[in-house]
Amino acid sequence: NAGVTQTPKFQVLKTGQSMTLQCAQDMNHEYMSWYRQDPGMGLRLIHYSVGAGITDQGEVPNGYNVSRSTTEDFPLRLLSAAPSQTSVYFCASSFTGGASTNEKLFFGSGTQLSVL
Amino acid sequence: GQNIDQPTEMTATEGAIVQINCTYQTSGFNGLFWYQQHAGEAPTFLSYNVLDGLEEKGRFSSFLSRSKGYSYLLLKELQMKDSASYLCAANMRFGAGTRLTVKP
């Protein structure tokens with residue numbers, strides 16, 4: 001099993017460009033989520049999904065879009081990149097999820113994004 | 001609102017014991033998680049507590065008091081490889097992490 005796979009590992013964008021961060025898991029997990037990690041602020045939840053066709057906003061959703069057309073994939077789209085979106089992004093999944101979950105999260109290896 | 005607080009940095013000596021505290025305020029509670037994150041890597045699961053008391057797992061133990069909104073992670077017989085950040089989490093929310101440095 002590959003677990004949670006994120007691509008790319010590194011990306012540099014110019015302000016205003018758009019891009020998609022890819023996330024795929026092969027564990028048949030229902031729950032998938034995206035976090036950003038900034039120094040001194042810890043992991044902050046951007047968007048999450050409790051199953052195919054269902055997505056919801058987390059703490060910091062502005063400037064990001066998601067979709068969940070399959071159980072395996074949960075891409076994160078930056079519509080018009082801004083320097084404030086410079087961060088490390090992690091995709092995470094669990095078998096079930098949501099605020100009522102007692103399931104541990106499995107994380108991808110992360111994407112380091114710089115917006116100039 | 002939801003708030004999870006933990007110390008920013010801690011330093012300890014190889015072979016010693018260290019306790020990392022976490023206080024939380026959440027609307028609804030479904031358990032508290034601890035994750036370990038080495039520099040430049042992804043977080044990995046360490047422990048989960050949903051009932052009051054101590055859960056022991058080898059050199060690592062985690063304690064929970066729901067009435068006090070308090071948890072701690074106890075690391076015994078510290079090794080250099082334990083140098084990492086330790087993240088406290090509840091209801092999909094994470095604390096800022098405690099960076100632990102283990103010195104010889």
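Convention: sequence-line order gives letters A, B, ...; per-chain numbering from 1. If you're wondering where the values come from, they're calculated on a predicted model, not measured in any experiment.
Both the backbone and the side chain of Leu43(A) come within contact range of chain B, with heavy atoms under 4.5 Å apart. When heavy atoms are compared at a cutoff of 4.5 Å, Gln112(A) does not approach chain B at all.
Hydrophobic clustering keeps Val4(A) apart from Met32(A) (ILVMFWY residues linked when any side-chain heavy atoms are closer than 4.5 Å, directly or through intermediates). Note: the hydrophobic cluster containing Phe29(B) also contains Ile4(B) (ILVMFWY, side chain heavy atoms under 4.5 Å, direct or indirect links). Residue Phe63(B) is grouped with residue Ile17(B) when hydrophobic side chains (ILVMFWY) are merged at heavy-atom distances under 4.5 angstrom, including chains of intermediate members. Cluster membership for Tyr72(B) and Met10(B), using ILVMFWY side-chain heavy atoms within less than 4.5 angstrom, is not shared. In the hydrophobic clustering of ILVMFWY residues, with side-chain heavy atoms under 4.5 Å counting as a link, Ile20(B) and Met80(B) come out together.
Every residue two or more places apart in sequence or in another chain was checked for a salt bridge (Lys or Arg N to Asp or Glu O under 4.0 Å) with Arg77(A), and none qualifies. Listed by chain and number, the residues in a side chain to side chain donor-acceptor pair (under 3.5 Å) with Ser49(A) are Arg68(A) (sequence neighbours excluded).
Tested against Tyr35(B) for a ring pair (Phe, Tyr, Trp, His ring centres under 6.0 Å), the candidates Phe107(A), Tyr35(A), Phe90(A) yield a single pass: Phe107(A).
When every heavy atom of Ala42(B) is checked against every heavy atom of Ser109(A), the shortest pair comes out as CB-CA, 4.2 Å. Nearest approach of Glu103(A) to Phe33(B), heavy atoms of both residues: O-CZ, 3.5 Å.
Interface remark: of the candidates Gly40(B), Ala96(B), Pro43(B), Pro43(B) forms the most heavy-atom pairs closer than 4.5 Å to chain A. No other option in Gly108(A), Ser33(A), Gly42(A) has as many heavy-atom pairs under 4.5 Å with chain B as Gly42(A). For the set Arg93(B), Arg99(B), Glu41(B), the entry with the most heavy-atom pairs within less than 4.5 Å of chain A is Arg93(B). The most heavy-atom pairs under 4.5 Å with chain B, out of Arg44(A), Gln37(A), Gln6(A), come from Gln37(A).
The side-chain heavy atoms of Leu45(A) and Phe94(B), taken from C-beta on, include no pair separated by under 4.5 Å.
Looking only at distances, no side-chain donor or acceptor of Tyr48(A) sits under 3.5 Å from a matching main-chain atom of Met92(B).
For Phe45(B) and Phe106(A), the gap between ring centers reaches or exceeds 6.0 Å.
Heavy-atom neighbours of Glu77(B) CD from other residues, nucleotides or ligands within 6.0 Å: at or below the threshold of 12.
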